[in-house]
Amino acid sequence: MPVAKPESSDASRVIAHVDMDCFYVQVEQRKQPNLRGLPTAVVQYNEWKGGGLIAVSYEARKYGVKRSMRGEEAKQVCPEIQLVQVPVARGKADLNTYRTAGSEVVSILARKGRCERASIDEVYLDLTDAAEKMLAEAPPENLEVVNEETLKSHILGLDNERGFDAKENVREWLCRKDADRRDKLLACGTLIVAELRMQVLKETEFTCSAGIAHNKMLAKLASGMNKPAQQTVVPFSSVKGLLDSLPIKKMKQLGGKLGSSLQSDLGVSTVADLLQFPEEKLQERYGFNTGTWLWNIARGISGEEVQGRLLPKSHGSGKTFPGPKALKTIASVQHWLNELCEELSERLRSDLDQNKRIARTLTLHASAYKSGVTDSQKNFPSKSCPLRYGTAKMQEDALNLFQAGLREFCGLHNTKPHGSRNNGWRVTGLSVSASKIVEKPSGTSSIMKYFHGQNPSSSLSKQSQDEDIQVPSASESCSEMNLSEQQMKFRGEDSNTMCQMPCLDQQEHKQDLGEDQNPSCLSPTQGQDDFQEASFSTSGIDPGTECCSGLINQSEQQRVFPQDQCVVSSLNRLEPKRKTMNDKGTNSILKFFKKMDPASSCSSNKEEHCENLRDVEALLSNPASVSENGRCVEERRERIAWSYNVDEIDPSVIKELPPEIQEEVRASFRPNKRPNIVRRGSSIAQYFLPTRKI
DNA sequence: ACGGTTGGTACA
DNA sequence: TTGTACCAA
């Protein structure tokens, strides 16, 4: 096993997590500035009990309004609440405005270091290099003035009781000459993040909160501690104090079943409780990787890298059909699949145009139940096939995938699917997604064309042909941009040809689609009621505060962190004196915010602001340019800044990078996850167990 | 038979 | 590789 390099330990890194405050609300408030400062919520579809809340402003939260309340409920609790509806397109929630707004933010946050888009409104930043550079060239200790926003930071473990002047304490902490180098690096990170957040505010009008720490887990934890529009720092020496009293369920990835299991099976209710368990025990119970991961996070260790990915890895479009809205006919399913595919296709087209990326797999997920059969809800299998570009093709493929799934589903319940009249199945959810997104190949030639025409797309259509050909040439439509190289190379290549094989038998539906070039033109005879009922049902999304990395991938080899480096040992003298500070009214960011508010009459600023606003809205108002503009910004940033993806980068390219960046690539620091082949309790497992004793 | 939609990851 | 399960918000 590789021995860890000390430099690569967590404590030498500067990681930030940035979290937009009730993002969807902010987006809507920017669009309607009169809503600023008012209790506001974004509601998804409105027909049933006022719709479901997916984002709630902090003003509204004071009244007890919560996400996942219905609109009517919210009105009861807070009669003056302003409810803004999510835009609807094709009978479902359309989140593109939020995606675009998210891209705006990412493009700013990626300026100072490697940036990972963790969700529509959250990013991680690796500011190690920038912090080191600052420390070397312009360390905080030399600063005469520290900007207000930075002084507003919350430093965990900093004793603010003594001196009354919290800001002065922060300033002292930031500028300490005799501070630990790790703290100095964090101090630099604190300055950088404050600056970035102010830039975000200035350029987008959005506030965000941030956490600055030595790894992703701690940064994420910290970013949620002081909201909105504030930032929180976790010095190395405060880690234990932070984690000790922390309920286990607050940890990312432990909010679900694993966390519950820890609680009920091991009696672990706080992170500190987890410390008693030897790694072996945890591995025994939860598997090698998860066990190691748990052991580490209990000690504040998480070697997860910031991924350097500014774009999503998949696109999806889905909708649920709850209760009486459940779909009962193939025709209604087809209708909705057509809608979903249309949206997905549009987004894929944008991704292709703006980012030159191609998705290779189409997956259909459905949920269904069979009337009379309990617990059949979950058994509808998901199906995937090679993704063919072109709306009509995706619609055709999606329907085929659905039919294949339906056959299995019905088989599972001893029924024959048969055509459109169904025997009891009800579809309560549909979603199509596109994954395995790769950059458009640059070196390929047009050999592919050779295979063109082999496509058994007997089921016609001008459309399919158009779309086929469009794939390569569509990139022309990308506005500005300097993509020429790749673009040129790709021209003439037909990415579709690789994906042309029919995924599933289409015997039953060829006909349907044959003359139906209008996707939503469903035979009006059947299923009509279905989508009438359903056509205005809810859908939408969460403003999300974050999401992203999946379970347990963070697992990390303990050897990377020799025990004497573990926070548990270095911090065990520290009292848990975590404090929450809410001087929210005095935030410099909030002040800035206030100035912009049309309600508060600050004219010069206001005008400048409105101008800004108009620009943005001008962009947004042209649907065709919406994503394009947003994405182009992103694209530009992507070239300029730091957004390489370590995993996907060509190894030969790495050598071209500056040494300090190369070091980022440090393959040697990849957490040593091991494939989970070995069964629990296997003696072979013992062989691999770490030698650490507890 | 309402928390929805989107997106991520791990594992068999 | 595909499909399932889980997680976050």
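Given the structure is predicted, the values throughout are model-derived calculations rather than measurements. Every chain is numbered from 1, with letters handed out A, B, ... down the list of sequences.
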*B:dG3 OP1/OP2 closer than 4.0 Å to side-chain N/O of A:Lys49*: no
*Verify whether the ring centers belonging to A:Phe321 and A:Trp336 lie closer than 6.0 Å.*
yes
*Step through it carefully: locate the ring centre of A:Phe23, locate the ring centre of A:Phe206, and say whether they are under 6.0 Å apart.*
yes
*Do any N or O atoms from the side chain of A:Thr204 and from the backbone of A:Val200 form a donor-acceptor pair under 3.5 angstrom?*
yes
*Could you give the CZ-to-C1' distance, from A:Arg360 to C:dT2, as a whole number of Å?*
15 Å
*Whole-Å distance separating the CG atom of A:Asp19 from the C1' atom of C:dA9*: 10 Å
*asked:* Whole angstroms only, please: what is the CG-P distance between A:Leu53 and C:dA9?
replied: 18 Å
*Does a side-chain N or O from A:Lys313 land closer than 4.0 Å to OP1 or OP2 of B:dG7, or not?*
no
*OP1, OP2 of C:dT2 versus side-chain N and O of A:Lys436: anything below 4.0 Å?*
yes
*Closest nucleotide among B:dT6, B:dA1, B:dT9 to the A:Tyr369 side chain*: B:dA1
*asked:* Taking the minimum atom-to-atom distance to the side chain of A:Lys252, which one of C:dA8, C:dC7, B:dG3 wins?
replied: C:dA8
*Phosphate-side-chain proximity, A:Lys383 and C:dT2, N/O vs OP1/OP2 below 4.0 Å*: no
*What is the nucleic acid contact for A:Ser317, judged by heavy atoms within less than 4.0 Å: base, sugar-phosphate only, or nothing?*
sugar-phosphate
*Do A:Phe402 and A:Phe380 make the cut of ring centroids closer than 6.0 angstrom?*
yes
*OP1 or OP2 of B:dT6 less than 4.0 angstrom from a side-chain nitrogen or oxygen of A:Lys92, does that happen here?*
yes
*Whole-Å gap separating P (C:dA9) and CG (A:Leu95)*: 18 Å
*asked:* Nearest whole Å is fine: how far is B:dG7 C1' from A:Tyr98 OH?
replied: 18 Å
*asked:* Applying side-chain contact (heavy atoms from CB on, under 4.5 Å), can you list everything that pairs with A:Glu408, at least two apart in sequence or on another chain?
replied: A:Pro381, A:Lys383
*For the pair made of CD in A:Gln307 and P in B:dG7, what is the distance, rounded to whole Å?*
18 Å
*Which one, B:dG8, C:dA9, C:dC6, comes nearest to the side chain of A:Pro312?*
B:dG8
*The side chain of A:Arg67 lies closest to which of these nucleotides: C:dC7, C:dT4, B:dG3?*
B:dG3
*At under 4.0 Å, does any side-chain N or O of A:Arg309 touch on OP1 or OP2 of B:dG8?*
yes
*Whole angstrom value for the distance that separates P of C:dA8 from CE of A:Met20*: 22 Å
*Counting just side-chain N and O atoms, does A:Arg99 come under 4.0 Å of either OP1 or OP2 of B:dG7?*
yes
_A:Phe321 CZ to B:dG3 P, straight-line distance once rounded to whole Å_ = 18 Å
*asked:* Looking at A:Ser384, I'd like to know whether one of its side-chain N or O atoms comes within less than 4.0 Å of OP1 or OP2 on C:dT2.
replied: no
*Which part of the nucleic acid does A:Ser314 contact within heavy-atom distance under 4.0 Å: base, sugar-phosphate only, or nothing?*
sugar-phosphate
*Quote, to the nearest angstrom, the C1' distance that separates C:dA9 from B:dA1.*
24 Å
*With A:Thr361, which residues qualify under side-chain contact (heavy atoms from CB on, under 4.5 Å), at least two apart?*
A:Thr363, A:Ser384, A:Ser435, A:Lys436
